[in-house]
Amino acid sequence: EASRYAQEAYSMLNRVKAMLSEPIGSERQQQLNEQVRLMEEESDRAEIEIADFLNQVSHTSLSWQGELVSRNLYKMVDELESIADSIMHMSTTLINKQEQRVFFSTEMNEDLRRMLSLTDTSLSHMCHVLTLDEVPSNALNKAYNNEDEINNYRNLLRNAMLDRIDLQQVEYMQSTYFMMLVNECEKIGDYAINVISAACES
């Protein structure tokens with residue numbers, strides 16, 4: 001169930017990526033946003049159901065290993081819910097910026113697609129790890145490498161945005177919405193590391 005939960009979060013991210021490629025304000029974009037919203041609500045239910053199950057299991061006689069797995073599954077579902085929340089926030093941010101008539105330049109859209117691609121790599125790795133019966137010894141290192149790429153690119157984009165503001169190449173609200181989306185991507189990378197870390201501990 002935790003693995004399925006992770007796959008749902010990954011599917012949510014793919015819908016946000018698709019939103020960026022749709023014409024601004026299009027019906028398809030609105031449909032994708034609604035799909036993300038419904039999937040986020042489903043993720044809330046999944047978190048509760050898994051947590052309820054683990055709570056019931058914890059009242060039985062578990063081995064030390066069973067207790068460890070149960071405790072780390074709690075950590076996983078909590079972080080997975082945070083991932084779903086971040087993706088929902090990204091979807092809502094894209095809609096809100098359009099309703100406020102704030103538009104990104106072609107360069108900003110390309111930068112955002114690159115950041116989403118790095119985030120995709122991070123979540124894809126997380127999903128793969130959760131399908132395995134035994135986590136490889138290098139799984140966490142790979143997750144940290146993915147996160148380093150996201151962090152480095154976030155820093156690059158932030159510095160570039162500050163330069164554009166100084167040169168009056170972008171408006172304040174453009175930069176605000178852009179960095180909101182970039183920062184959510186960075187958060188998702190952190191959450192993915194925490195999920196993989198919990199899987200490794202188990």
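Computed from heavy atoms alone, side chains included, the values below leave out hydrogens, waters and symmetry copies.
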Q: Could you tell me whether the side chains of N146 and T121 share a donor-acceptor contact shorter than 3.5 Å?
A: no
Q. Is any side-chain N of the basic residue among R164 and E107 closer than 4.0 Å to the acidic one's carboxylate O?
A. yes
Q. Do any N or O atoms from the side chain of S91 and from the backbone of I87 form a donor-acceptor pair under 3.5 angstrom?
A. no
(Q) Counting only heavy atoms from other residues, nucleotides and ligands, does the tally under 6.0 Å from NZ of K75 exceed 12? (A) yes
(Q) Let me check something: do Y172 and L181 share a hydrophobic cluster, defined by ILVMFWY side-chain heavy atoms less than 4.5 Å apart, either directly or through other members? (A) yes
Q) From E81 CD over to I50 CD1, what is the distance, rounded to the nearest 0.5 angstrom? A) 10.5 Å
**Q.** Ion pair R37/E34, N-O distance below 4.0 Å
**A.** yes
**Q.** Backbone of I193 reached by a side-chain donor or acceptor of S197 within 3.5 Å
**A.** no
Q | Reported CD1-to-CG distance for the pair I95 and L32, which is rounded to 0.5 angstrom | A | 9.0 Å
**Q.** Atom pair CG/CH2 of L68 and W64 - distance to nearest 0.5 Å
**A.** 6.5 Å
Q. If you measure from CD1 on I83 to CE on M126, what distance do you get to the nearest 0.5 Å?
A. 4.0 Å
(Q) Determine whether a donor-acceptor pair (N or O, by modelled atom type, separation under 3.5 Å) exists between the side chain of Q29 and the backbone of M19. (A) yes
(Q) Please check: side-chain N/O of N159 versus main-chain N/O of N155, any donor-acceptor pairing under 3.5 Å? (A) yes
Q) Within a radius of less than 6.0 Å around NE2 of H128, do more than 12 heavy atoms belonging to other residues, nucleotides or ligands occur? A) no
Q: Inspect the contact between E201 and R71 and indicate whether a charged nitrogen and a carboxylate oxygen are less than 4.0 angstrom apart.
A: no
Q) Is a donor on one side and an acceptor on the other found under 3.5 Å between the side chain of S117 and the backbone of R113? A) no
**Q.** Residue pairs passing the ring-ring contact (aromatic ring centres under 6.0 Å, His included) test where at least one lies in residues 88-108, sequence neighbours excluded
**A.** F104-F178
(Q) Is it true that N96 and Y177 share a donor-acceptor pair across their side chains at a distance under 3.5 Å? (A) no
Q. Atom CG of N33 and atom CD of E22: how far apart are they, to the nearest 0.5 Å?
A. 12.5 Å
